[in-house]
Amino acid sequence: MKPAPLLPAAAAALALLLCLSLSPAVDAHNITRILAKYPEFSTFNHYLTTTHLAAEINRRLTITVLAVDNGAMNAILDKHLSVGTLKNVLSLHVLVDYFGTKKLHQISNGTTLTSTMFQATGAAAGTSGYINITDLKGGKVGFGAEDNGADLNAVFVKSVAEIAYNISVLQISQVLTSPEAEAPTPSPSNLNITAILSKQGCKSFADLISASGALKTFDDNLEGGLTIFCASDAAVSAFMPKYKNLTAAKKVSFVLYHGVPVYQSLQMLKSNNGVMNTLATDGASKYDFTVQNDGEDVKLKTKVVTATITGTVIDQDPLIVYKIDKVLQPRELFKAVADAPAPAPKGSKKKKASPSAADEPAADSPEEDPADQTADSNGVGGGGLSGVRVVVSVVLGLCLSVVFL
């Protein structure tokens, strides 16, 4: 005797159980909200936001924040460091690994070196972005920057908040000192945008900035934060025939379209998908594009072309420059890609009325996928496996859209 067929209702129930099993194992965290519960960390919390580190912390999993109280923060603020240098110092307090209270006292051989966000972003030279963590016994754990002569100048005070293997916030006694992290960073006025681009494989785009007269606008926006998307020399070279046909005013708009008047780290771009205005945006002239994640890649979509970020040229708050594989073409200046024609309804195949019909463009009658043809022949309304597959697909689709939203 054949087993009874699986009814759509039963299939839906099984799919729902699978859906519940897909719930995220960890909770999203927000370092600003975590620290806001503790007034003694208000200064540290404020500067995490000011330096844009908070957004980067919120994007990462398996991370440890070494927080210091307001009194300890005064020691570093008294040095009157620039925002860029202060960001380097604070990024030294963000470990790219999870250290809960228990793990601190179970370190193999009693000591370990761990990487920080200062090291991970490439801002640190050599191993200066590593922190030495040593179990000093007696309940004490010491912390010190690797480039600080092995001086463990801070000790563990207490655990502030822990979400197992997601984020741990630990209080340490004082700010970690590091000659490399505290080294002066160039002020925005000393940053030469075209020189930076020219040295990093974007010389052709740098030349367009200078020749078009758009450089002043870039410089004027540097102080408040600036993100530039620089097309590679090869991409600019291939685009030049189109560029030469633009008027002088349109050339300026085109170049400014590659700049955003705010600092946007890669983590910020990934968490802020959607429409983004540019330096060329002006009232009715939108000159915007859409930022969209594609797996680990970040893509910039205009109505004309889609470019992918291929690397970071410089990340020195308030300036960050990304290299992209294609020139961004705004729809205000170039013809948008036409929407693809809707496919003919399945099952309504055209008859060849005459030999001349074979000469018609194939795009008007796209071939069906073999899998689609099979699904059509099975029929959804027959109550067989097709009906079950449809129910399961719908339930799982709705589930996944909620789980991974």
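The shown structure was predicted, so the numbers you read here are calculated from the model rather than taken from an experiment.
Residues Leu256 and Tyr287 are not in side-chain contact: their nearest non-hydrogen atoms beyond the backbone lie 4.5 Å or more apart. In this structure, the side chains of Leu92 and Leu66 stay at 4.5 Å or more apart for every pair of heavy atoms. In this structure, the side chains of Ile31 and Val169 come closer than 4.5 Å at one or more pairs of heavy atoms. Taking the side chain as every heavy atom from C-beta outward, Met73 and Ile76 approach each other to under 4.5 Å. Considering only heavy atoms from C-beta on, Leu104 comes within 4.5 Å of Leu170 through its side chain. Using a 4.5 Å heavy-atom cutoff, the side chains of Arg331 and Thr302 are not in contact. Contact annotation: the side chain of Ile320 never approaches that of Leu266 to less than 4.5 Å [non-hydrogen atoms, C-beta and beyond]. For the pair Ile57/Met117, a side-chain contact is recorded, criterion being any heavy-atom separation below 4.5 Å from C-beta on.
A donor-acceptor contact shorter than 3.5 Å is absent between the side chain of Asn45 and the backbone of Phe41. At distances below 3.5 Å, at least one donor-acceptor pair connects side-chain atoms of His93 with backbone N or O atoms of Leu176. Formation of a donor-acceptor pair under 3.5 Å by the Thr310 side chain with backbone atoms of Lys323 is found in this model. Side chain of Gln267 to backbone of Glu56: no donor-acceptor contact under 3.5 angstrom is found. Judged by distance alone, with hydrogens and angles left aside, the side-chain atoms of Asn273 form a donor-acceptor pair with the main-chain N or O of Asn293 at under 3.5 Å. The closest donor-acceptor contact from the side chain of Ser210 to the backbone of Asp207 lies at 3.5 Å or more, if one exists at all. With hydrogens and angles ignored, the 3.5 Å screen pairs no side-chain donor or acceptor of Tyr322 with any backbone N or O of Ile228.
Heavy-atom minimum distance, Asp315 versus Lys87: OD1-NZ, 4.3 Å. Closest of all the heavy-atom pairs between Ser212 and Val255 is OG-CG2, 3.7 Å. Closest heavy-atom contact between Ala183 and Thr85: O-OG1, 3.3 Å. Of all heavy-atom pairs between Asn30 and Asn58, the closest is CA-OD1, 3.3 Å. Listed here is the closest heavy atom pair of Asn153 and Thr177: ND2-N, 3.7 Å. Nearest heavy atom pair, residue Pro39 against residue Lys37, reads CD-O, 3.6 Å.
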* To do: Quick one: do Leu269 and Met276 satisfy side-chain contact (heavy atoms from CB on, under 4.5 Å)? Show the steps, please.
  => CA-CA 10 Å; Leu269 289 176; Met276 183 169 290; 3.8 Å; yes
* To do: Could you give me the CA-CA distance, side-chain angles and deciding distance for Phe229 and Val260, then say whether side-chain contact (heavy atoms from CB on, under 4.5 Å) is met?
  => CA-CA 8 Å; Phe229 298 99; Val260 175; 3.8 Å; yes
* To do: Step by step, work out the side-chain contact (heavy atoms from CB on, under 4.5 Å) result for Glu180 and Phe118.
  => CA-CA 10 Å; Glu180 181 69 22; Phe118 183 43; 4.0 Å; yes
* When you look at Lys242 and Leu246, which way does the side-chain contact (heavy atoms from CB on, under 4.5 Å) test go after all the steps? -> CA-CA 7 Å; Lys242 286 186 177 180; Leu246 297 175; over 6 Å; no
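Taking NZ from Lys140 and OG from Ser173, the interatomic distance works out to 9.5 Å, rounded to the nearest 0.5 Å. Note: Ile133 CD1 to Phe143 CZ = 5.0 Å, rounded to the nearest 0.5 Å. With rounding to the nearest 0.5 Å, the separation of NZ in Lys270 from CD in Gln292 is 14.0 Å. Put simply, OG1 on Thr101 and CD on Gln106 are 11.0 Å apart, with the number rounded to the nearest 0.5 Å. Note that OH of Tyr130 is 8.0 Å distant from CG of Leu113, once rounded to the nearest 0.5 Å. In this structure, Asn245 CG and Phe334 CZ are separated by 9.0 Å, a value rounded to the nearest 0.5 Å.
The residues Glu332 and Lys250 are annotated as not salt-bridged, no charged nitrogen and carboxylate oxygen being separated by less than 4.0 angstrom. A salt bridge is absent between Arg60 and Asp97; no separation between the charged side-chain nitrogens and carboxylate oxygens falls under 4.0 Å.
With Phe99 as the aromatic partner, Lys103 meets the cation-pi criteria of under 6.0 angstrom to the ring centre and within 45 degrees of the ring axis.
With 3.5 Å as the limit, one finds a donor-acceptor pair spanning the side chains of Lys299 and Thr308. Side-chain polar atoms of Thr111 and Asn132 form a donor-acceptor pair below 3.5 angstrom.
Note: Phe239 and Tyr243 have tilted aromatic rings, judged against thresholds of 30 and 60 degrees for the angle between ring planes. Note on ring orientation: taking the six-membered ring where Trp is involved, the planes of Tyr263 and His52 are parallel (angle under 30°, cut-offs 30° and 60°).
In the displayed structure, Asn109 atom CG is contacted under 6.0 Å by at most 12 heavy atoms of other residues, nucleotides or ligands.
Legend: residues meeting salt bridge (charged side-chain N to carboxylate O under 4.0 Å, His left out) with Lys158, ordered by chain and number and at least two apart, are Glu40.
Under the ring-ring contact (aromatic ring centres under 6.0 Å, His included) rule, His258 has a single partner from Phe289, Phe218, Phe205, which is Phe205. When each of Asn88, Asn148, Asp147, Thr116 is checked for a side-chain hydrogen bond (donor to acceptor under 3.5 Å, both in side chains) with Ser178, only Asp147 meets the rule.
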